[in-house]
Amino acid sequence: MKKLLAFVCSLALLVTGVVAFAGCSGNALKIGVTNYPPMDYRDESGKWVGFDAELAEKAFGELGYDVEFVEIVWETKVMSLESREVDVIWNGMTVTDDLKASILLSEPYMVNQQVLVIRTADADKYTSQEDLAQADTIAFEGGSAADTILSEMDSLTDDQLLSMEKQADTFLEVKSGASDVAVVDIALAKEMTGKGDYTDLTYVYIGFASEDFAVGFRKEDTQLCEQINEILAKYKEDGTIEALAEKYGVSV
């Protein structure tokens with residue numbers, strides 16, 4: 001009986017261990033991303049590229065993983081991680097207290113800031129955070145750092161705020177006049193304004209605080225998080241991150 005009980009207990013522990021990292025099948029690892037140039041986006045062949053995509057592929061490659069990029073809805077990114085739709089979130093994710101409580105975060109690897117995207121003709125209208133109160137509609141990505149910032153501004157009302165599924169969608173909102181401004185990450189604003197379909201858009205700083213980007217893991221995946229922290233520290237030291245930043249035109 002004791003041997004049987006010991007066997008059952010060992011089996012239970014084994015099953016628990018398998019379930020704890022069931023999202024990672026063999027050497028395959030699924031990374032949650034959104035269409036967010038220059039961090040994560042598809043090239044002409046359909047391959048995911050960008051600063052984060054290349055950094056993630058290189059880092060996990062050192063650990064022996066074959067990565068698969070999975071496009072997720074940013075507002076439900078924590079649910080995607082916890083449900084094992086993805087194993088990791090690596091997509092210009094701003095560190096917040098809510099995320100710290102929900103998931104495990106790597107050490108920061110990049111600094112970010114929120115800016116306003118506006119029509120060039122309106123550049124003089126929005127020069128400070130107080131000026132946002134005059135906007136009829138402010139577009140932003142649900143679940144993003146912009147969402148957090150705007151929801152905490154007492155000068156704004158819910159009627160002014162337009163939550164969208166993707167940051168990139170906010171640019172068309174502003175261009176078409178459906179929204180007066182959008183609040184987005186500086187890297188995306190630099191990438192998309194003043195060129196292509198958005199030659200008539202520009203971006204302005206209005207004093208939002210700087211933010212840190214980090215990689216997100218499930219709480220139990222401490223070993224994987226520690227391994228990525230070690231690799232990111234090495235990449236900062238050996239110039240890998242700086243070289244990728246120069247390649248994709250971002251600031252770290």
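Values below: all heavy atoms of this structure, side chains included; hydrogens, waters and symmetry mates excluded.
Sequence neighbours left out, the pairs with a member in residues 55-80 that pass salt bridge (Lys or Arg N to Asp or Glu O under 4.0 Å) are K47-E57, E62-K234, E71-K166. Applying the salt bridge (Lys or Arg N to Asp or Glu O under 4.0 Å) test to residues at least two apart or on different chains, none of the pairs has a partner in residues 90-105. The salt bridge (Lys or Arg N to Asp or Glu O under 4.0 Å) pairs that include a residue from residues 195-210 are K175-D200, where partners are two or more places apart or lie in different chains.
Taking the six-membered ring where the residue is Trp, the centroids of F60 and W90 are separated by under 6.0 Å.
Grouping the Ile, Leu, Val, Met, Phe, Trp and Tyr side chains by contacts below 4.5 angstrom, directly or via other members, places F171 apart from Y126. Cluster membership check: Y198 does not share its hydrophobic cluster with I118, using side-chain heavy-atom separations under 4.5 Å among Ile, Leu, Val, Met, Phe, Trp and Tyr. By the criterion of side-chain heavy atoms lying less than 4.5 angstrom apart, applied directly or through intervening Ile, Leu, Val, Met, Phe, Trp or Tyr residues, L55 is grouped together with V49 in one hydrophobic cluster. Put simply, V115 and M39 are part of the same group of oily side chains (I, L, V, M, F, W, Y) that touch within less than 4.5 Å, one to the next. By the criterion of side-chain heavy atoms lying less than 4.5 angstrom apart, applied directly or through intervening Ile, Leu, Val, Met, Phe, Trp or Tyr residues, I149 is not grouped with L162; the two fall into different hydrophobic clusters.
When all heavy atoms of D185 and N112 are compared, the closest pair comes out as OD1-ND2, 3.0 Å. Heavy atoms only, all atoms of each residue included: S155 and A133 are closest at O-CB, 4.1 Å. Between L132 and I206 the shortest heavy-atom distance is CD1-CD1, 4.0 Å.
Classification of the Y109-F51 ring pair by plane angle, with boundaries at 30° and 60°, yields parallel.
Between the side chain of D43 and the main chain of G46, a donor-acceptor pair closer than 3.5 Å is present. The main-chain N or O of K30 is found under 3.5 Å from a side-chain atom of D87 such that the two form a donor-acceptor pair. Put simply, the side chain of D40 never gets that close to the backbone of Y36: no donor and acceptor are under 3.5 Å apart. Judged purely by atom type and a 3.5 angstrom limit, D238 uses its side chain to pair as donor or acceptor with the backbone of T240.
With sequence neighbours left out, the salt bridge (charged side-chain N to carboxylate O under 4.0 Å, His left out) criterion links E173 to no other residue. Not counting sequence neighbours, the partners of D212 by the side chain to side chain contact (heavy atoms under 4.5 Å, CB included) test are V95, P108, V111.
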Could you walk me through whether R119 and D180 pass salt bridge (charged side-chain N to carboxylate O under 4.0 Å, His left out), step by step? CA-CA 8 Å; R119 292 177 290 279; D180 298 309; 3.8 Å; yes
Q160 and D136: CA distance, side-chain angles, deciding distance, side-chain hydrogen bond (donor to acceptor under 3.5 Å, both in side chains) verdict: CA-CA 6 Å; Q160 291 175 281; D136 290 330; over 6 Å; no
One pair to check against salt bridge (charged side-chain N to carboxylate O under 4.0 Å, His left out): E220 and R84. What are the steps and the verdict? CA-CA 12 Å; E220 63 266 27; R84 302 182 185 277; 3.0 Å; yes
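One finds the CG atom of D52 at 12.0 Å from the CD1 atom of I89 (value rounded to the nearest 0.5 Å).
Surrounding CG of D124 are at most 12 heavy atoms belonging to other residues, nucleotides or ligands under 6.0 Å away. For Q134, the CD atom sits in a packed shell: over 12 heavy atoms of surrounding residues, nucleotides or ligands are nearer than 6.0 Å.
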Side chains of residues 222-229: which donor-acceptor partners sit under 3.5 Å, not counting sequence neighbours?
from	atom 1	to	atom 2	distance (Å)
N229	OD1	E107	N	2.7

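No side-chain N or O of Q113 forms a donor-acceptor pair with one of E211 less than 3.5 Å apart. Donor-acceptor pairing under 3.5 Å is lacking for the side chains of D159 and T157. Using a 3.5 Å distance cut-off with no hydrogens or angles, the side chains of E85 and S83 do not pair a donor with an acceptor.
A salt bridge links E54 to K247: one of the charged nitrogens lies within less than 4.0 Å of a carboxylate oxygen.
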